[in-house]
Amino acid sequence: YQLAKTPLAEREEEKRYRLRIVANLGFMDDQRFLNLNIEREDYFICSARQSDWVKTIFTESEIAKMDTTGFQKVEVLDGE
C-alpha cells in the first residue's frame, strides 16, 4: 500500500543479490551460487547465470525469508 502511494520518481529500487556459498565443497569458483529452479521450486548450487527457468538474483525481501547460513550476499549492480 505504501509503495502505491509513493510517486514513481521517489521510489527506491530494492537491492538485488546473488548468494554465493562460502564453504569450498569442491565447487569451481564460478559454480558456487544459489540457484532456484522456478518450475520445480527447488534450490541447487551452480553458476550465477540466470535464465527463464533458473533464478539466481534475489531481492533483499526474498532473502529475508530464507535461511542463508553459509552464504555470502554479492550485490548485483545495475545492468547485470
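Between the side chain of Thr68 and the backbone N or O of Phe71 there is no donor-acceptor pair closer than 3.5 Å. Here the side chain of Arg32 pairs a donor or acceptor atom with the backbone of Ala23 at under 3.5 angstrom.
Residue Gln72 holds its CD atom at 9.5 Å from CG of Leu19, rounded to the nearest 0.5 Å. Here the straight-line distance linking atom CZ of Arg16 with atom CG of Leu77 works out to 9.0 Å at 0.5 Å rounding.
Checked for salt-bridge contact, Glu75 and Arg18 miss the test: no charged N lies under 4.0 Å from a carboxylate O.
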Mind listing the side-chain donor-acceptor pairs of residues 33-45 below 3.5 Å, one per line with the distance, residues two or more places apart or on another chain?
from	atom 1	to	atom 2	distance (Å)
Asn35	ND2	Phe33	O	2.7
Asn35	ND2	Ser47	O	3.1
Asn37	OD1	Glu39	N	3.1
Asn37	OD1	Arg40	N	2.8

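Taken together through direct or relayed side-chain contacts under 4.5 Å among Ile, Leu, Val, Met, Phe, Trp and Tyr, Met66 and Tyr17 form part of one hydrophobic cluster.
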Worked check of side-chain contact (heavy atoms from CB on, under 4.5 Å) between Thr56 and Arg49: CA-CA 7 Å; Thr56 61; Arg49 185 170 166 230; 6.0 Å; no
side-chain contact (heavy atoms from CB on, under 4.5 Å) evaluation trace for Glu62 with Lys55: CA-CA 12 Å; Glu62 290 171 323; Lys55 179 177 178 144; 2.7 Å; yes
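Applying the side chain to side chain contact (heavy atoms under 4.5 Å, CB included) test to Ser61 and every residue at least two apart in sequence or in another chain returns Glu14, Thr59.
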